[in-house]
Asker: 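Have a look at the structure that comes next, please.
Every heavy atom of this structure was used, including side-chain atoms; hydrogens, water molecules and symmetry mates were not.
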There are 2 protein chains.
Amino acid sequence: MNIEKFIKNKKIKLTDARISILEKLFAAHRPLSYNDIKEHISMDKATFYRNIIKFQEEGLVSSFESNDKNRYFEITKSPHPHFICTSCNIIECVQEPVVFDLDGYQIEDIILKGKCESCVNVK
Amino acid sequence: MNIEKFIKNKKIKLTDARISILEKLFAAHRPLSYNDIKEHISMDKATFYRNIIKFQEEGLVSSFESNDKNRYFEITKSPHPHFICTSCNIIECVQEPVVFDLDGYQIEDIILKGKCESCVNVK
DNA sequence: ATATCTTTGCAACTCAGTTGCATAAAAGTC
DNA sequence: GACTTTTATGCAACTGAGTTGCAAAGATAT
C-alpha cells in the first residue's frame, strides 16, 4: 500500500509520524493498540493519539475499546466482526459475516467475546 | 429478589454495601457503571470495586468495557447480547438471540455497536 | 526564501480503577 | 452477650491509558 496516495486528498499533512503509524496498521492483520506498537514507532504518545484522532476524522482508521482497557485501531476496511479473547486478550478479525438486524437500530460493528482456539482447551 | 438468599451459600459476608450494590443492579434493566450509581450508594469506590470483584468470582455479576471507558456491571442472567450506542453511549440488553458459531471458538458474549433508535435519526 | 498554518515533543494533567494499611464490622464459638 | 477469628471498609496514595497547553519545529503554498 502506498501511504502517500492513501493520505492524498485528505486535509492532513504528510509527516514521518503519520507514515509510520499507517505503515504499522497496514502491515498488521488485526487491530493494534498504542502499547502494541510503541516500541516500533519513535514519537511521543501525544503525537500518536492526536494523529489517530485525525485519521478517524478522515475515516481512514477505526477503533474500539477492548477488555484490557486499551483502545485498538485498524485501517478502515469493509465492515467485519471482531473477536476478543477473554483469557489472553488477543483480538482477531472475523471473516465470516454475522447477520443481525435490530428493528430501528443501525448496527455498525459487532464484537464477539469468548475463548480463542488456544485458550478454549486450557482451563 | 431476596438479596440474602441470593448471597447465601456463597463464601462472602452479608454487608450493607453488598446489599445496596446488588439491589441497584437488580432494579436496573440494563448494565450499570460505577458512575451510574455512585450518587445512590454510600460507600467508597474502593469498596464498590472490591465487592464487584467478589461478585464476579462467585458468578453473581458479569461485566464488560464500553466505549466511554467505563466498565458496566449486571446481574448474571441467561446470556444475551448487548447494544452500545456510539452516539449517546447508552447500553441496552438485546432480547432477540444472535446466533453465531465460530469453529473452535467459544463465544461468551456478543456486543453490537451502532446508533440507537433515538440517535439514528438525529444526524 | 518567506509567510502561514499544522504538527511535534515535553510536561503536566485527567479520570477510572487499584492497592496498602489501620480500623471496623461480620459470623462462629463458648 | 462477650470473645475470637476472619473478612470488609474507608481513606489516601497510586497506576496507567489517554488528553491538553504551550513553545518550538516542520510542511506546504506563494
Side-chain angles (χ1 to χ4, degrees), chain A residues 3-25 31-58 60-74 84 86 89 91, chain B residues 3-25 31-58 60-74 84 86 89 91:
Chain A
I3 305 291
E4 284 186 48
K5 271 189 189 166
F6 188 68
I7 278 192
K8 263 295 186 330
N9 302 321
K10 305 292 176 187
K11 51 184 176 190
I12 56 178
K13 293 184 176 174
L14 191 64
T15 66
D16 290 352
R18 287 175 181 169
I19 292 171
S20 73
I21 295 173
L22 291 173
E23 277 177 351
K24 292 287 175 296
L25 293 184
L32 300 177
S33 68
Y34 173 66
N35 278 313
D36 285 334
I37 53 175
K38 68 180 173 192
E39 314 295 339
H40 308 100
I41 53 176
S42 56
M43 73 191 69
D44 192 77
K45 61 179 180 171
T47 301
F48 175 84
Y49 285 113
R50 279 190 281 230
N51 281 329
I52 286 287
I53 289 169
K54 286 270 179 188
F55 294 154
Q56 294 200 97
E57 283 170 2
E58 297 296 326
L60 302 175
V61 165
S62 313
S63 75
F64 57 91
E65 304 284 327
S66 181
N67 272 17
D68 58 4
K69 297 192 190 91
N70 290 19
R71 195 180 303 158
Y72 282 79
F73 310 99
E74 71 178 345
I84 300 177
T86 52
N89 286 326
I91 297 185
Chain B
I3 305 290
E4 285 187 47
K5 272 188 188 168
F6 188 68
I7 278 192
K8 264 294 184 334
N9 301 322
K10 306 290 176 185
K11 50 185 175 188
I12 55 178
K13 292 183 179 177
L14 191 64
T15 66
D16 290 351
R18 288 175 179 167
I19 292 171
S20 73
I21 295 173
L22 290 173
E23 277 177 351
K24 292 286 175 295
L25 294 183
L32 300 177
S33 68
Y34 172 66
N35 278 312
D36 285 334
I37 53 175
K38 68 180 173 192
E39 314 293 341
H40 308 101
I41 53 176
S42 58
M43 72 191 70
D44 192 77
K45 61 179 178 171
T47 300
F48 175 85
Y49 285 112
R50 279 190 282 230
N51 281 330
I52 286 286
I53 289 169
K54 286 272 177 185
F55 294 154
Q56 294 200 96
E57 284 171 1
E58 298 297 326
L60 301 175
V61 164
S62 313
S63 75
F64 58 91
E65 304 285 327
S66 182
N67 273 18
D68 60 2
K69 298 191 191 90
N70 290 21
R71 194 180 302 159
Y72 283 79
F73 311 97
E74 71 178 344
I84 299 177
T86 53
N89 286 327
I91 298 185

Asker: Measure CZ/A/Phe48 against P/C/dT8 and give the value in whole Å, please.
Answerer: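 After rounding, the reported distance stands at 12 Å.
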Asker: Whole angstroms only, please: what is the NZ-C1' distance between A/Lys54 and D/dG18?
Answerer: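 Value for this atom pair: 18 Å.
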Asker: Please state how far atom CD1 in A/Ile19 lies from atom P in D/dG26, giving the value in whole angstrom units.
Answerer: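 So the CD1-P distance, A/Ile19 to D/dG26, works out to 15 Å.
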Asker: Determine whether B/Ile52 and B/Tyr34 make a side-chain contact, defined as any pair of heavy atoms from C-beta on separated by less than 4.5 Å.
Answerer: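 Counting from C-beta outward, B/Ile52 and B/Tyr34 never come under 4.5 Å.
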Asker: Taking the inter-plane angle between the rings of A/Tyr49 and A/Phe73 on a 0 to 90° scale, is it parallel (under 30°), tilted (30 to 60°) or perpendicular (over 60°)?
Answerer: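 If you compare the ring of A/Tyr49 with that of A/Phe73, the planes turn out perpendicular.
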Asker: Between P on D/dA17 and CD1 on A/Ile37, what's the gap in Å once rounded to a whole number?
Answerer: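 Roughly 14 Å, once rounded to whole Å.
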Asker: Please report, rounded to the nearest Å, how far the P atom of D/dA8 is from the CG atom of B/Leu14.
Answerer: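 That distance rounds to 11 Å.
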Asker: Separation of A/Asp44 atom CG from D/dT20 atom C1', in whole Å?
Answerer: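 From A/Asp44 CG to D/dT20 C1': 12 Å.
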Asker: I want to check one thing: is the phosphate of C/dG9, taken as OP1 and OP2, less than 4.0 Å away from some side-chain N or O of A/Thr47?
Answerer: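 Indeed, a polar side-chain atom of A/Thr47 lies that close.
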Asker: When the nearest nucleotide of DNA chain D is assigned to A/Asn35 and to A/Arg50 on a heavy-atom basis, which residue is associated with the more 5' position?
Answerer: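 Result: A/Asn35.
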Asker: Rounded to whole angstroms, how far apart are CG on A/Asn51 and P on C/dG9?
Answerer: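 Rounding to the nearest Å, CG of A/Asn51 and P of C/dG9 are 9 Å apart.
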Asker: Within the 4.5 Å heavy-atom criterion, are A/Phe48 and A/Lys38 side-chain neighbours or not?
Answerer: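 SC-SC contact between A/Phe48 and A/Lys38 ruled out.
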Asker: Where is the tightest heavy-atom contact between A/Ser63 and A/Arg71, given as atom of each residue plus distance?
Answerer: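 Reported closest heavy-atom pair: OG-CD, 3.6 Å.
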Asker: Return yes if a side-chain donor-acceptor contact under 3.5 Å exists between A/Lys54 and A/Asn51, otherwise no.
Answerer: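 There is no such pair (donor and acceptor under 3.5 Å, judged by atom type) between the side chains of A/Lys54 and A/Asn51.
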Asker: With a 4.5 Å cut-off on side-chain heavy atoms, are A/Ile84 and A/Tyr72 touching?
Answerer: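 Answer no - side chains too far apart.
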Asker: Is any side-chain nitrogen or oxygen of A/Thr15 closer than 4.0 Å to OP1 or OP2 of D/dG26?
Answerer: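 No, because none of the side-chain N or O atoms of A/Thr15 sits under 4.0 Å from OP1 or OP2 of D/dG26.
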Asker: To the nearest 0.5 angstrom, please state how far the CD1 atom of B/Ile21 sits from the CG atom of B/Leu32.
Answerer: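 These two atoms lie 11.5 Å from each other.
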Asker: Rounded to whole Å, how long is the line connecting atom NZ of A/Lys45 with atom C1' of C/dT7?
Answerer: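 Rounded to the whole Å, the gap is 18 Å.
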Asker: Taking only heavy atoms on the protein side, list every residue of residues 61-71 of chain B lying under 4.0 Å from any atom of DNA chain C, sorted numerically.
Answerer: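 Those residues whose heavy atoms fall under 4.0 Å from DNA chain C, taken from residues 61-71 of chain B in numerical order, are B/Lys69, B/Asn70, B/Arg71.
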Asker: Nearest nucleotide by nearest heavy atom, which residue falls closer to the 5' end of DNA chain C, B/Lys13 or B/Lys38?
Answerer: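 Checking each residue's closest nucleotide, the 5'-ward one belongs to B/Lys38.
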